[in-house]
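Pasting in a structure now, in structure tokens, and then I'll have a few things to ask.
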Amino acid sequence: MGRGRLQLKRIENKINRQVTFSKRRAGLLKKAHEISVLCDAEVALIIFSAKGKLFEYSTDSCMERILERYERYSYSEHQVLASETESIGSWTLEHAKLKARLEVLHRNYRHFMGEDLDSLSLKDLQNLEQQLESALKHIRSRKNQLMHESISVLQKKDRALQEQNNLLTRKVKEKERALAQQAQWEQQDHALDSPVVLPHYLPSLDINGSYQARHNGHDDGENLTQPRAGTLLPPWMLHRLN
């Protein structure tokens, strides 16, 4: 028959309790050593007997280093938990504040739109009216400012276009004057190059500078000074006459 299952409760017999403590303590220390060797784990075991006697085991006898590591881990874990708890609490509070503020904004929006006014008192309605009048005043001021700025911009554009138009007008006039002057010069050159008809009282000269008289095919002394009508004068003599 196998052993029966031991009921876990305090052993009332002092002697039996002491014997059980000694056996179990030795087995616990043995198991701690085995797990440290087999699994390459750092193990620290502290046991206080009922009389306050200390029994301990640590891997490579580094109890202080293991305890310091335990304290750092416990402190950091406690800080993380505390920060998480604080963060959750702060976020919850912030969410409640934002939710309440959103509700107030929605209610004010409905009031500004003329809705849900039955719950407002006379004083609340007066305050709402003042807020609307102030808002309309700011809106009109901003609208007038934008209109003045737009008018100023249009006036600047108009002045720029007027200046550009005046500049183009001056250029066109200068071009017309230049074309008219060029046409006048061409007309004068054409007049200088065209043949000139001599008056009837001027005698025609030959290339030797002598007078020529033509009267029905024979020379007459009386007609030496009478030139033939329609005699042409070369251009170079025209300059001489002028």
Side-chain angles (χ1 to χ4, degrees), residues 1-139 142:
M1 296 179 61
R3 290 188 307 172
R5 185 172 183 180
L6 179 63
Q7 186 178 1
L8 292 179
K9 67 177 182 178
R10 183 174 181 271
I11 301 174
E12 297 297 336
N13 192 311
K14 183 178 180 181
I15 296 174
N16 293 337
R17 186 170 63 240
Q18 183 65 32
V19 172
T20 302
F21 174 76
S22 299
K23 292 180 179 179
R24 297 283 179 132
R25 182 195 64 203
L28 183 60
L29 294 175
K30 182 180 179 181
K31 293 295 183 181
H33 176 68
E34 290 177 355
I35 193 173
S36 66
V37 174
L38 295 175
C39 301
D40 194 18
E42 292 186 357
V43 179
L45 177 62
I46 299 175
I47 303 173
F48 288 96
S49 66
K51 294 181 180 181
K53 189 176 181 180
L54 173 63
F55 302 91
E56 65 178 24
Y57 170 81
S58 61
T59 306
D60 298 332
S61 300
C62 296
M63 178 63 71
E64 293 182 357
R65 183 171 58 83
I66 296 175
L67 291 177
E68 289 178 358
R69 183 178 180 183
Y70 171 76
E71 289 178 356
R72 289 195 303 270
Y73 179 81
S74 299
Y75 177 77
S76 61
E77 185 177 5
H78 177 71
Q79 290 293 109
V80 170
L81 292 176
S83 62
E84 289 180 355
T85 304
E86 183 179 359
S87 176
I88 292 173
S90 62
W91 279 112
T92 303
L93 181 61
E94 187 70 19
H95 176 265
K97 290 181 180 180
L98 292 176
K99 186 177 180 180
R101 185 177 179 183
L102 182 62
E103 291 177 357
V104 172
L105 291 175
H106 280 301
R107 184 172 64 252
N108 292 336
Y109 175 77
R110 291 193 299 270
H111 291 166
F112 288 143
M113 296 300 294
E115 302 174 357
D116 299 339
L117 301 178
D118 297 335
S119 60
L120 298 179
S121 62
L122 178 60
K123 186 176 181 180
D124 294 335
L125 291 174
Q126 291 176 350
N127 293 332
L128 180 61
E129 184 180 7
Q130 292 178 357
Q131 291 177 4
L132 290 174
E133 289 178 353
S134 178
L136 287 174
K137 184 178 179 181
H138 288 296
I139 291 172
R142 178 59 179 167

Open item on the list: Counting only heavy atoms not in Y70 (residues, nucleotides, ligands), do more than 12 fall under 6.0 Å from its OH?
Closed with: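 12 or below, so no.
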Open item on the list: With heavy-atom distances below 4.5 Å as the criterion, would you say the side chains of K99 and E103 are in contact?
Closed with: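 Yes - at least one pair of side-chain heavy atoms lies under 4.5 Å apart.
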Task: Atom OH of Y109 with >12 non-hydrogen neighbours under 6.0 angstrom - done: no
Open item on the list: Does atom CD1 (I35) have a neighbourhood of more than 12 heavy atoms from anything else shown, all under 6.0 Å?
Closed with: no
Open item on the list: To check you understand the geometry: which heavy-atom pair defines the closest contact between M63 and A44, and what is its length?
Closed with: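 Looking at all heavy atoms of both residues, the shortest contact is SD-CB, 3.7 Å.
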Task: L29, I46, I47 screened by side-chain contact (heavy atoms from CB on, under 4.5 Å) with Y57, the one that passes - done: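 Only one of L29, I46, I47 forms a side-chain contact (heavy atoms from CB on, under 4.5 Å) with Y57, namely L29.
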TODO: Flag the pair E71 and R69 as a salt bridge only when some basic side-chain nitrogen lies within less than 4.0 angstrom of an acidic carboxylate oxygen.
DONE: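 Looking at R69 together with E71, the answer is no, because their closest N to O distance does not fall below 4.0 Å.
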- [ ] Report the distance from atom CZ of R110 to atom CG of N108, rounding to the nearest 0.5 Å.
- [x] 9.0 Å
Task: Exam field: side chain T20 to backbone N16, donor-acceptor pair closer than 3.5 Å - done: yes
Open item on the list: Please check: side-chain N/O of S36 versus main-chain N/O of H33, any donor-acceptor pairing under 3.5 Å?
Closed with: yes
- [ ] Output the distance between atom CG (L98) and atom CZ (R101), rounded to the nearest 0.5 Å.
- [x] 7.5 Å
Task: Spacing of CG belonging to L45 relative to OG1 belonging to T59, to within rounding of 0.5 Å - done: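 Reported to 0.5 Å precision, the distance equals 10.0 Å.
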Open item on the list: With a 4.5 Å cut-off on side-chain heavy atoms, are N127 and Q130 touching?
Closed with: yes
Task: Gap between atom CD of Q131 and atom NE2 of H111 - 0.5 Å precision - done: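 So the gap between those two atoms works out to 11.0 Å.
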Task: Donor-acceptor contact below 3.5 Å, side chain R17 vs main chain I11 - done: yes
Open item on the list: Looking at I15, I'd like to know if its CD1 atom is crowded, meaning that more than 12 non-hydrogen atoms belonging to other residues, nucleotides or ligands lie closer than 6.0 Å.
Closed with: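 Count not over threshold, so no.
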Task: Point-to-point distance, once rounded to the nearest 0.5 Å, from CG of N13 to CD of Q18 - done: 11.5 Å
TODO: With rounding to the nearest 0.5 Å, note down the distance linking CG in D124 to CD in E129.
DONE: 13.0 Å
